[in-house]
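Working notes for the structure below.
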Amino acid sequence: MYDVIIVGARCAGAATALLLARRGVRVLLVDRAVFPSDAVSTHLLHPTGVARLRSWGLLDPLLAGGCPPIDTISFRAGEDLVLRGAPYACDGIAVSLAPRRTVLDAMLVEAAGAAGAEVREGASFQRVVWEDGRVVGAEFGGRSAFVERAALVVGADGRHSAVARQVGARVIRDAGTFGCQFYGYWQGLPDVGTQIFIGGGQAVLAYPTHGGDHLVLVGWPHARFAEAKQDIDRHFLAAVAASAPGVAEYLTADARSGPISGSGDLGNYIRESAGPGWVLVGDAATAKDPVTAQGIGDAFAQAQSVADRLPAALAAGPQAVDVATAAHAADRERDSATAFETTLTFAMGGNSAALLPVLRKIESRPDLISMFYGIYAGQVTMEEFVAAVG
């Protein structure tokens, strides 16, 4: 029997497994994928998430593996207004990262295994096991079916969480879907940090990732999804050419490193996230539009929160475990409420016209430009930023 079974071994699940295993918790980490394995993602990790990787001892290995630090962001807010500054610092770190998920997820899984977690790949979750109204384990299929028992089952299996369905976790906030995004990789772009181009009903981003590639991303309102996916190459390249011609000139067929990927499944929601013998983390618990690129950082924060509470609770018994997971869920909802609402505003295209006069005031203020980027990272509220600008 394990202390904890974690279903899903990407950023939320693998990080939770790593932190718990380091505290001596007996962890089983299971995923249907075999790593390295890719996932649709913005890739971006704000300084808050970078700081967590450093605290976990994983930042240096990620950098050594060829993930370039990003110390500059340029944001075209208008035809004649480009804001250039550094990411908003956290614990002395003022760089962002955009790791390939094939690298980041595999690194986290490997680190969890090295810390003592048992990792089983290629196993698909089937159902939770109930006993006297409490989840006491999970059943898996795949290459070989098995059932394991644990004091707690953690659902870290993404937006369409099967664990959430099995335990009957209610959606307590469904704020809708507003955007869609597609991205690809190209070689040869100049390394000038993160470039963001907003306007014309779309957003174009470009930033460096592993292997000398740049990820180039296009975001549209969700109403464009059905049309765009019918001929995604044509629509994607046309969007980059219209919004970022300086980027578009590098997007040649010879420089392309793979197909364009993306999703229109970008709902904004909060689920009931804890119950008797179970807890949800990452996108299984709550998800926001990727316009603010907070997903990986949120997953790391939730992993840390669960890992800080759970070891002592496991030693005290089932009731203490439930109290700990309920406290984690309540604190997460409280601490992330402002970032959730801000992300919704950005996703719906709000504040654009109202913000332009404010942004013009900070054109020559690198400190306030970084503070503005802190809004996207969930570190600064819009009210704090506007008050600082004056």
Side-chain angles (χ1 to χ4, degrees), residues 1-39 41 43 45 48-69 91 93 97-125 138 140 142-144 146 148-158 209-211 279 281-282 284 295-315:
M1 177 172 173
Y2 298 90
D3 295 317
V4 177
I5 296 171
I6 300 176
V7 181
R10 296 202 178 272
C11 288
T16 303
L18 165 66
L19 297 174
L20 288 174
R22 284 180 174 176
R23 288 164 167 84
V25 175
R26 294 168 298 176
V27 179
L28 173 62
L29 176 64
V30 185
D31 201 289
R32 64 184 178 184
V34 176
F35 295 89
S37 172
D38 211 350
S41 171
H43 297 47
L45 189 59
T48 48
V50 178
R52 289 196 188 278
L53 286 178
R54 182 184 63 182
S55 73
W56 300 342
L58 298 179
L59 177 57
D60 287 345
L62 186 60
L63 295 174
C67 185
D91 292 337
I93 289 181
L97 298 174
R100 290 290 296 262
R101 293 296 297 271
T102 50
V103 177
L104 177 62
D105 294 1
M107 182 185 76
L108 290 166
V109 170
E110 182 179 358
E118 181 179 342
V119 180
R120 299 188 197 178
E121 302 174 43
S124 57
F125 170 78
F140 297 87
R143 290 173 294 187
S144 59
F146 58 91
E148 298 289 359
R149 294 174 66 90
L152 181 71
V153 172
V154 178
D157 50 341
T209 184
H210 278 93
V279 67
V281 295
I296 300 175
D298 284 352
F300 286 176
Q302 292 176 45
Q304 188 74 65
S305 171
V306 169
D308 287 345
R309 288 176 164 89
L310 203 53
L314 286 164

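Numbers here simply count residues along the sequence, with the first being 1. Both backbone and side-chain heavy atoms feed into the values below; hydrogens, waters and symmetry mates do not. In this text, all values refer to a predicted model and were calculated from it rather than measured experimentally.
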Can you name the closest pair of heavy atoms from Pro61 and Met107 and give their distance? CB-SD, 4.5 Å

Taking distance alone, no hydrogens or angles, what donor-acceptor pairs closer than 3.5 Å link side-chain atoms of residues 9-37 to residues at least two apart or in another chain?
unit_1, atom_1, unit_2, atom_2, d
Arg10, NH1, Ser37, O, 3.0
Arg10, NH1, Asp105, OD2, 2.7
Arg10, NH2, Ser37, OG, 2.7
Arg10, NH2, Asp38, O, 3.1
Thr16, OG1, Ala12, O, 2.7
Arg22, NH1, Trp56, O, 2.9
Arg22, NH2, Trp56, O, 3.0
Arg23, NE, Ala307, O, 3.4
Arg23, NH1, Leu19, O, 3.1
Arg23, NH2, Asp308, OD1, 2.9
Arg26, NE, Asp3, OD1, 3.4
Arg26, NE, Asp3, OD2, 3.1
Arg26, NH2, Asp3, OD1, 2.7
Asp31, OD1, Ala33, N, 2.8
Asp31, OD2, Ala9, N, 2.6

I would like to know whether Leu314 and Val4 meet side chain to side chain contact (heavy atoms under 4.5 Å, CB included); could you show each step before the answer? CA-CA 9 Å; Leu314 286 164; Val4 177; 4.2 Å; yes

Shortest non-hydrogen contact between Cys67 and Leu63, atoms and distance: O-CD2, 3.4 Å

For Glu118, enumerate each residue passing the salt bridge (charged side-chain N to carboxylate O under 4.0 Å, His left out) test, keeping only those at least two apart in sequence or located in another chain. Arg120

Calculate, to the nearest 0.5 Å, the distance between atoms CZ and NE2 belonging to Arg100 and His43 respectively. 5.5 Å

Would Phe140 and Ile5 count as a side chain to side chain contact (heavy atoms under 4.5 Å, CB included) here? Give the steps. CA-CA 11 Å; Phe140 297 87; Ile5 296 171; 4.0 Å; yes

Yes or no on side chain to side chain contact (heavy atoms under 4.5 Å, CB included) for Leu62 and His210, after CA distance, side-chain angles and deciding distance? CA-CA 10 Å; Leu62 186 60; His210 278 93; 4.1 Å; yes

Might you work through the side chain to side chain contact (heavy atoms under 4.5 Å, CB included) test for Thr48 and Phe300, ending with a clear yes or no? CA-CA 9 Å; Thr48 48; Phe300 286 176; over 6 Å; no

side-chain hydrogen bond (donor to acceptor under 3.5 Å, both in side chains) with Glu110: which residues, sequence neighbours excluded? none

I need the minimum non-hydrogen distance between Ala156 and Ile6, along with the two atoms involved. CB-CG2, 4.2 Å

Do the non-hydrogen side-chain atoms of Ser41 and Ile296 ever get within less than 4.5 Å of each other? yes

Does the Arg54 side chain pair with the main chain of Ile93, one donor and one acceptor, at a distance under 3.5 Å? no

Between Leu45 and Val50 the two heavy atoms that sit nearest each other are O-CG2, 3.7 Å

Sub-3.5 Å donor-acceptor pair from the side chain of Ser305 to the main-chain atoms of Gln302, do we have one? no

